[in-house]
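Position 1 is the first residue of the sequence; numbering continues from there.
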Amino acid sequence: MPPTAPSAQVPSATVRCPNCGTENEADRTLCVRCALLLDPGPPPEVPPPWWRRLLRRRKRQAPVAGTRPRRAWRRPRIALPLVLILLGAGVWFGLPHAGRLLGLARETTGTPESLPPSAVRASSEVKGHPAGAAFDGFTNRYWAPSALGGATLEADFEKPGVRVTKLVVFAGTSAKKDEFLTQARPARIRVELISADGDTSSRLITLKDQPGQQTFDLRGSRVTRVRISPETAYGTGRGRHVAVAEVEFFGHRG
């Protein structure tokens, strides 16, 4: 009987390590060289972004036989992102006005403080009755312009300016009744509030012909200058000058 040829050996299957590339036997779990998993399995699922999770509809579970299904809460798909966008837009556009709103709230709830000016001047003055006499805190000294037409009294405030809410005026030469009528008194004055950026607001104020304090509401933000112009007067006549005993401003700084 002739000899038979030796049977060819079938090579066993191998598995290549995905980390180092070493060939390993098919029945191995860890690599013989680097000891890492030969078949790490599928990569972990990456969760979708938050906005996609909001828009994704949740799968409904089939009700159990014999039970009454409850009405499930439906997650809003478009309403919530739309509300978030509107809120963000409101905050973005409201930021430039936040300072003004806070200042208005402080005006409403806070107590106004006295705002003495840093400098004063007048277009003209009678000798012995300068512009500073209207801001010195005394009501028995007064400012008197040399002529009524075109007369102005100005008060400056340091930058960034002040928030003016009230104006106090003592007309005449004194707050005392027996001295009040010795000179003419302003009847109508124009008050101009000039802000740091150059904006000007104007108000016409009518004064009563009586001694003592007269208070008026004003509204001005970041005011750096106030200009007061007497336009008409009580008790004018030859040799009589228009007298302003005292002017005071109240409001808030900053």
Side-chain angles (χ1 to χ4, degrees), residues 112-159 161-196 198-253:
E113 61 178 303
S114 177
L115 301 174
S118 58
V120 296
R121 71 184 66 83
S123 59
S124 63
E125 57 189 40
V126 175
K127 185 177 180 180
H129 302 288
F135 301 96
D136 60 0
F138 297 97
T139 58
N140 59 350
R141 293 188 293 203
Y142 62 92
W143 165 68
S146 57
L148 179 61
T152 59
L153 179 66
E154 293 184 349
D156 291 343
F157 300 91
E158 295 181 355
K159 292 184 177 181
V162 296
R163 188 180 299 272
V164 180
T165 60
K166 291 187 181 298
L167 168 68
V168 174
V169 178
F170 290 81
T173 60
S174 172
K176 295 181 179 181
K177 191 173 182 179
D178 57 341
E179 300 177 6
F180 173 71
L181 300 176
T182 57
Q183 295 290 343
R185 291 82 55 196
R188 188 170 64 237
I189 60 174
R190 182 171 298 277
V191 181
E192 297 175 87
L193 305 180
I194 305 170
S195 64
D199 292 339
T200 302
S201 61
S202 177
R203 182 183 172 187
L204 199 60
I205 293 177
T206 301
L207 299 169
K208 296 179 180 180
D209 192 18
Q210 63 184 31
Q213 173 178 318
Q214 300 186 51
T215 305
F216 305 93
D217 290 331
L218 290 179
R219 286 292 180 269
S221 300
R222 300 181 61 198
V223 175
T224 56
R225 178 172 297 175
V226 180
R227 181 182 296 122
I228 299 175
S229 305
E231 295 189 351
T232 60
Y234 301 107
T236 57
R238 187 172 182 178
R240 296 170 66 88
H241 304 289
V242 177
V244 179
E246 195 68 20
V247 175
E248 297 180 35
F249 305 100
F250 288 86
H252 305 278
R253 297 189 178 276

I need the full list of side chain to side chain donor-acceptor pair (under 3.5 Å) pairs touching residues 128-150, with sequence neighbours left out, sorted by first then second residue.
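Non-adjacent pairs meeting side chain to side chain donor-acceptor pair (under 3.5 Å): Ser124-Ser146, His129-Tyr142, Asp136-Arg141.
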
What is the minimum heavy-atom distance between [X] and [Y], and which atoms define it?
X: Val242; Y: Ala233; value: CG2-CB, 3.7 Å
X: Thr215; Y: Val168; value: OG1-CG2, 3.8 Å
X: Pro186; Y: Ala243; value: CD-O, 3.2 Å
X: Pro211; Y: Ser174; value: CB-O, 4.4 Å
X: Ser201; Y: Arg219; value: OG-O, 4.4 Å
X: Ala151; Y: Pro230; value: O-CD, 3.5 Å

Note, [X] side chain near [Y] side chain (heavy atom, < 4.5 Å):
X: Val120; Y: Val247; result: no
X: Leu207; Y: Phe216; result: yes
X: Leu153; Y: Phe135; result: yes
X: Thr152; Y: Glu192; result: no
X: His252; Y: Val162; result: no
X: Leu115; Y: Phe250; result: no

For the atom pair [atom1] ([X]) and [atom2] ([Y]), what is the distance rounded to the nearest 0.5 Å?
X: Arg190; Y: Glu231; atom1: CZ; atom2: CD; result: 4.5 Å
X: Leu218; Y: Lys166; atom1: CG; atom2: NZ; result: 9.0 Å
X: Glu248; Y: Gln213; atom1: CD; atom2: CD; result: 7.0 Å
X: Leu181; Y: Tyr234; atom1: CG; atom2: OH; result: 12.5 Å
X: Arg203; Y: Asp217; atom1: CZ; atom2: CG; result: 6.5 Å
X: Leu193; Y: Leu167; atom1: CG; atom2: CG; result: 9.0 Å

Give a yes or no on whether the backbone of His241 and the side-chain of Gln183 come within a donor-acceptor separation of less than 3.5 Å.
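Such a contact is found between Gln183 side chain and His241 backbone.
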
Please confirm whether the backbone N or O of Lys159 pairs with a side-chain atom of Thr224, one donor and one acceptor, at under 3.5 Å?
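Judged by distance alone, no pair lies under 3.5 Å.
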
More than 12 foreign heavy atoms under 6.0 Å from CD of Glu113: is that the case here?
yes

Is it true that the side chains of Arg163 and Ser221 contain a donor and an acceptor less than 3.5 Å apart?
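Yes, side-chain donor-acceptor contact under 3.5 Å.
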
Salt bridge flag under 4.0 Å for residues Arg222 and Asp199:
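Not counted as a salt bridge, because no side-chain N and carboxylate O are separated by less than 4.0 Å.
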
Applying side chain to side chain contact (heavy atoms under 4.5 Å, CB included), run through Arg121 and Arg227 and close with a yes or a no.
CA-CA 10 Å; Arg121 71 184 66 83; Arg227 181 182 296 122; over 6 Å; no

